[in-house]
Amino acid sequence: GDSVTQMEGPVTLSEEAFLTINCTYTATGYPSLFWYVQYPGEGLQLLLKATKADDKGSNKGFEATYRKETTSFHLEKGSVQVSDSAVYFCALKSGGSNYKLTFGKGTLLTVNP
Amino acid sequence: GAGVSQSPSNKVTEKGKDVELRCDPISGHTALYWYRQSLGQGLEFLIYFQGNSAPDKSGLPSDRFSAERTGGSVSTLTIQRTQQEDSAVYLCASSLWGSPQETQYFGPGTRLLVL
């Protein structure tokens, strides 16, 4: 079945540091890939997505590239801010079950001033 | 327009009682999803509606869980004879058609605590 493995947290960084959160997946067909973010006390929000191989999703300075050859969708940001502190979830929807999202376990990011 | 709304935002109940959780999707969205977020299991898919029908109920953890959707809009998730392990945040999401490329928009969730 479909599965998503993402880097275990928590991750603690200083402001302006470089961020990478690794995400790899197993899926049937050609999945769409997503990063969702959950800020403290808030609901899940879509951060970015990519729907086919080699696509790059980007938003708010975050980027992730859909790599079919390595089945990966790593999240990166060049310079994190305190306001980026949140839990980040990698997720996929595959052609085999094109309605439901399969999530990774989430990575807690804390950015210190 | 308005986003996905859920009610109540918090619910505390006693073990053995029934609870109903409500989801109001984004207007015009035909696909609706329920997920559960718990410490031990992360985010799990529960059930999916396309219109008023539920093609896949396989994520419901037991026969104490049921859900319905009426008028292609509001959905209710019912948990009968609640158990302590049902304590979790129940999230509802909606999307326009349910296709793989679409974004699912999530509501704020209902935090359920079973004492």
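A note on names: the letters A, B, ... follow the listed sequences, proteins ahead of strands, and every chain is numbered from 1.
For the residue pair A:Leu101 and B:Tyr35, the shortest heavy atom distance occurs at N-OH, 2.8 Å. Of all heavy-atom pairs between A:Lys93 and B:Gln104, the closest is CD-NE2, 3.7 Å.
Contact of B:Ile47 with chain A is not made at all, since no heavy-atom distance falls under 4.5 Å. The contact between A:Leu44 and chain B is made by backbone and side chain atoms together, counting heavy-atom distances below 4.5 Å. Neither the backbone nor the side chain of B:Gln6 comes within contact range of chain A, judged by heavy atoms closer than 4.5 Å. Neither the backbone nor the side chain of A:Gln45 comes within less than 4.5 Å of any heavy atom of chain B.
Each of B:Leu91, B:Val4, B:Asp56 has some count of heavy-atom pairs under 4.5 Å with chain A, and the biggest count is that of B:Asp56. Of all the listed residues (A:Lys105, A:Lys49, A:Lys52), the one sharing the greatest number of non-hydrogen pairs under 4.5 Å with chain B is A:Lys49.
Applying the 6.0 Å contact sphere to CD of B:Glu85 captures more than 12 heavy atoms from other residues, nucleotides or ligands. Counting heavy-atom neighbours within 6.0 Å of B:Leu39 CG, excluding the residue itself, gives a total of 12 or less. The number of heavy-atom neighbours closer than 6.0 Å to CD of A:Glu16, taken from other residues, nucleotides and ligands shown, is 12 or below. The local environment of OH in B:Tyr105 is sparse, with at most 12 non-hydrogen atoms from other residues, nucleotides or ligands closer than 6.0 Å. Residue A:Glu69 qualifies as enclosed at atom CD: its count of foreign heavy atoms under 6.0 Å is above 12.
The hydrophobic clustering, which links ILVMFWY residues whose side-chain heavy atoms are closer than 4.5 Å, places A:Leu92 and A:Leu47 together. Linking Ile, Leu, Val, Met, Phe, Trp and Tyr whenever their side-chain heavy atoms come within less than 4.5 Å leaves B:Leu43 and A:Tyr39 in two separate clusters. Tracing side-chain contacts under 4.5 Å through hydrophobic residues (I, L, V, M, F, W, Y), one never reaches A:Trp35 starting from B:Tyr33; they form parts of separate clusters.
A 4.5 Å side-chain heavy-atom check between A:Glu42 and B:Phe106 finds every atom pair outside the cut-off.
Note: A:Phe89 CZ to B:Gln37 CD = 4.5 Å, rounded to the nearest 0.5 Å.
If you look at A:Phe103 and B:Phe45, their ring centroids are not closer than 6.0 Å.
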